[in-house]
Amino acid sequence: MLYLKEKKIAAIFPAFGCKYLGNEREIFGEFSDDWMSLLDRAAMHVRLDTGAIISQRKGDFRDELQSQYAVYLYSCAFSNIIKRYSIFTDYSAGYSMGLYAALYHTESIDFEQGLDLIHAAYQHIKSATAKFKFGIGVISGLDKGDVSTLISEFSDLEIINVNNKLSVLIAGFEKNVRKAVSLAREQGALNAHFLSFNSPYHSKFMNEAAHTFNKHLGSTVIRDPAHPVISTIDQRLVTSSADIINDMTDNICRNINWLDTMTSLINSGVDTFIECGPGKSLYKMARFIEGEFTVYTASTIRELIGSEGIFTLVRAATS
Amino acid sequence: MAKIQVGMKDEVRKIVYEFFSEECEIPMEELNDGVNIIRDLEGDSLMFLELLEIFKKKYNLNIELKTVGKYVVKHPSTTIGEIIDMTMLIIEHENRLADLE
């Protein structure tokens with residue numbers, strides 16, 4: 001039996017570094033064998049540390065690239081499941097490198113292409129930032145204005161993402177990120193710490209990486225998305241393959257704003273978000289975003305699939 | 001400063017226990033005041049921020065998060081019991097929490 005769609009739904013995709021629930025594979029396994037089949041495909045396509053991916057149930061990967069492959073794998077498996085159950089999404093958005101899974105979900109790229117893009121972006125970023133030590137810090141409990149003032153004395157530091165009204169990410173040289181994190185604590189940040197990422201993603205230090213990655217994208221076939229992707233950079237709707245290439249390039253070197261992205265979706269009528277990936281990091285961020293909406297995660301996928309009123313006739317495309 | 005009403009601590013305790021039980025997907029009966037939020041429940045600072053928001057709304061508190069942050073640096077709260085105690089201090093003193101030693 002089919003139901004008319006009553007809600008606007010957005011699929012949102014987390015980035016690597018998120019904490020996993022630990023039982024995602026069992027949860028996904030209740031619905032399909034997508035996770036296992038995608039793992040096999042990934043292992044045949046890239047140098048995947050399958051042992052680490054299988055054993056690191058909490059997502060505590062030492063290797064950034066493997067961590068990126070893993071979150072992409074879980075996200076694509078989740079995307080397949082909701083399509084298999086004919087849950088249509090009106091929009092997609094990817095938090096940082098979650099963009100690749102968002103593009104898989106919108107059928108702009110296939111699974112293997114996503115792995116290739118993650119690998120290519122990683123290589124370009126590593127190459128462009130090899131000469132210096134960089135870092136990223138998270139500051140929670142101060143607002144964006146406070147953090148802007150705090151980092152103004154460091155010319156290299158910038159706010160690379162606003163997670164929500166109470167949490168921002170900063171990036172720059174490692175020593176200055178550490179100093180800023182320490183200052184933030186003194187100024188009353190309830191949480192401020194240095195993240196274990198080595199690259200200043202979404203910062204000006206990535207300009208060269210973005211340039212070379214863009215050249216790489218020139219030889220990649222990208223299809224128009226099946227539904228709009230919302231850019232986390234300026235919240236425009238990305239609806240063509242050319243737009244996607246621009247957004248993927250900008251995603252490397254320009255600041256993103258998750259708060260504005262979620263707010264824009266909410267203002268567009270979205271009242272249901274599906275966090276397609278491991279853990280529930282985006283669900284947690286959304287607690288401090290204004291609006292009436294629900295965020296489903298891996299831990300609530302059963303409720304999502306069991307709920308009526310959000311099913312449509314959209315074909316499952318699990319390329 | 002808010003006046004502490006009879007039964008308020010029990011109310012705060014109930015909210016804190018229910019919050020962590022739901023957020024961490026742990027049965028209420030497995031929680032006690034000695035449970036460490038980070039180590040035992042794999043919780044995070046955003047949970048504490050959310051709890052603060054809940055209490056700010058519930059009791060209409062005039063408290064800046066920065067004030068709480070500065071207090072927490074000197075008086076870390078790591079267990080459920082400590083969080084309940086700190087919440088009571090926040091309710092009682094609001095922004096004057098900064099004046100406490």
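We name chains A, B, ... by the order of the sequence lines, and we start the count at 1 in each one.
Close approach to chain B, defined as a heavy atom under 4.5 Å from one of its heavy atoms, is seen in A/Arg287, A/Phe288 of residues 285-294 of chain A, taken by number. The contact list for residues 23-33 of chain B toward chain A, using heavy atoms and a distance under 4.5 Å, reads B/Glu23, B/Glu25 by residue number.
Nearest heavy atom pair, residue B/Leu65 against residue A/Leu166, reads CD1-CD2, 3.4 Å. What you find for B/Leu49 and A/Ser140 is that their closest heavy atoms are CD1-CB, 4.0 Å. Scanning all heavy atoms of the two residues, the minimum distance from B/Lys66 to A/Leu142 falls at CG-CD2, 3.3 Å. The shortest heavy-atom contact between B/Val73 and A/Arg185 is CG2-O, 3.7 Å.
Atom NZ of A/Lys144 has 12 or fewer neighbouring heavy atoms from other residues, nucleotides or ligands inside a 6.0 Å radius. Within 6.0 Å of the CD atom in A/Glu30, the count of heavy atoms belonging to other residues, nucleotides or ligands exceeds 12. The environment of NZ in B/Lys14 is sparse: at most 12 heavy-atom neighbours from other residues, nucleotides or ligands sit within 6.0 Å.
For A/Asp146, the part lying near chain B is the side chain, with the backbone staying farther off; criterion is any non-hydrogen pair under 4.5 Å.
Of the inter-residue distances, the one linking A/Gln187 atom CD with B/Lys70 atom NZ reads 7.0 Å to the nearest 0.5 angstrom.
The candidate with the highest count of non-hydrogen atom pairs below 4.5 Å against chain A, out of B/Glu50, B/Met47, B/Glu42, is B/Glu50.
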